[in-house]
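As structure tokens, the structure follows; a few thoughts come after it.
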Amino acid sequence: MARAVSPRRKIAFTLLAWSVALLLFFPILYTLITSIKTEGEAISGFNLIPSFTLENYVEVQTQRDYWKPFSNSVILSLLSTLVALVIAVPAAWAMAFSPTPRTKDILMWMLSTKMMPAVAVLVPIYLLFRDWGLLDTRTGLTFMLTMINLPIVVWMLYTYFREIPGEILEAARMDGAGLWGEIVHVLTPMALPGIASTMLLNIILAWNESFWTIRLTTTNAAPLTAFIASFSSPQGLFWAKLSAASTLAIAPILIMGWFSQKQLVRGLTFGAVK
Amino acid sequence: MSTSHSRGLSRLMMAPSVGLLLIWMIVPLAMTLWFSFQNYNLLNPANVGFAGLFNYRFFYTDPAFFQSLWNTLAIVGGVLLITVVGGIAIALLIDQEIFGQGIVRIMIISPFFVMPPVAALVWKNMIMHPSYGVLADMARGLGLQPVDWFAQYPLLSIVIIVAWQWLPFATLILLTALQSLDGEQKEAAEMDGAGIVSRFIYLVLPHLARAITVVILIQTIFLLGVYAEILVTTNGGPGYASTNLAFLIYRTALLGYDVGGASAGGIIAVILANIVAFFLMRAVGKNLDR
């Protein structure tokens, strides 16, 4: 903005913005603080100064068998993202570089599959998974997460690929680059940022998916979503530990999320808002 | 570029995505439709037969159905109201020149990345708990009786938690749209003597219209299926007070073992979602033409 903002106005807005931000961030901050309290402190009233104990983190890892759901979350979100990319990259590429009159219809149809409510297919999916022995397996859940996010992946890649100018391909061809040279030297460097962004958003979505991950698993394949949800019934006296488990569950994705603000807007609005 | 050779190749490249999604869409949906006309209970799998419209009538006459339908609408409507109005306000606020804008932005968008079970449990145990929660502490500090949120206002509690999760999404999208507003246009309006209110109504709001539409439609798709938040907080209760359609279907299917009834509910959910999807597709499709 060219216009100078009066310092008083800036300070007023700063104070207001920080208050709002701290208010919204408070539940996360308080979880972090509670995770380094003792169990006694955690239920003894509002207190922002913990005794900085790491006991809960140690306990969560030893007693509660935390690493299994954690590694399940990592494996499921990475694997489903990779599979989705392998399937989606060629499709998005074809649609971006050799569009036909039907390309738009295909894209819209793909998007429409995303509108199907999960509960509507809960019964058949559950029964099929049961009959095929896929309940509580990583294979089954990876497949589910891949299918759920495939439309978003195709769409996001398509909006990125569409921005790569077609002339560059032709220029490379004129310079005598073979198909392989074209792919390695021209296309890959130009497509990588888009693929990386898509990957990032998809990992976040897969990590936080909380319908199928809870319903289709019990112990073996249960990721963090199911693990944390299993703490819903017992009350009290374990909040510090629950906070430690929660902090560990959200930290990696929170940090990734901070770096993906732009991609998030683009990916979740299907390119409608840039 | 569209020689017949490359067209064949591009079809081949699209085939896996299209094929998988086609199967993914048709098979389970066809099964749901089929089951919805069947008398099929998992506890009595030998006795499966054609039921006609019985399941639909059963679902329709179940008092829980209308309650859950109303709850679904209340959750969607309540969350949309909070997130759109709040999102516009916060987006306008952090679009101003302030100190530490980056950190403010990071704090505001953070709730969106918290997985639903964690979000719900944090609110349930540490914020809204009637004896140990922060809100109860505050109430006692003020000499008031602490509120037992999930017993007294179960639906409102769910709305608050879900709105907390989606407010960052609305804010982020509206902020992105706001930042694409032409600075010169704003200055011109200001110089023409347009006050802050008329600038907002005649310049900012029309510019945001498209982003607001997108926020409403996309959130509605997700909000129709709110599930984990209900599961870990109220489990749908007390009674059916916080059961939405998604939760009712889950309950019918996996707790009541009633495949037919749940499938009929599923078809109703599909119809509901399709009404919304129709408008969303039009909004997105329009953008594709530009």
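First the proteins, then the strands, lettered A, B, ... as listed; each starts at 1.
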Those residues of residues 87-94 of chain A that come under 4.5 Å of chain B on a heavy-atom basis, listed by number, are A:Ile87, A:Ala88, A:Pro90, A:Ala91, A:Trp93, A:Ala94
Between [X] and chain B, which part of the residue has a heavy atom less than 4.5 Å away: side chain, backbone, both or neither?
X	answer
A:Ile228	both
A:Leu127	side chain
A:Ile253	both

Partner of B:Leu21 under side-chain contact (heavy atoms from CB on, under 4.5 Å), picked from A:Val154, A:Ile106, A:Leu150, is A:Leu150
Value rounded to 0.5 Å, distance of [atom1] in [X] from [atom2] in [Y]:
X	Y	atom1	atom2	value
B:Met14	A:Met110	CE	CE	6.5 Å
A:Leu24	B:Phe112	CG	CZ	14.0 Å
B:Ile127	A:Tyr30	CD1	OH	8.0 Å
B:Arg105	A:Trp258	CZ	CH2	14.0 Å
B:Met115	A:Ile214	CE	CD1	9.5 Å
A:Phe25	B:Met107	CZ	CE	7.0 Å

Do A:Trp207 and B:Phe113 have their ring centres less than 6.0 Å from each other?
no
Sorted by chain and residue number, the salt bridge (Lys or Arg N to Asp or Glu O under 4.0 Å) partners of A:Arg130 (sequence neighbours excluded) come out as none
One option among B:Asn274, B:Ile94, B:Ile109 has the most heavy-atom pairs under 4.5 Å with chain A, and it is B:Ile109
Handout entry: B:Leu172 portion near chain A, given a 4.5 angstrom heavy-atom threshold
Key =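 Both backbone and side chain.
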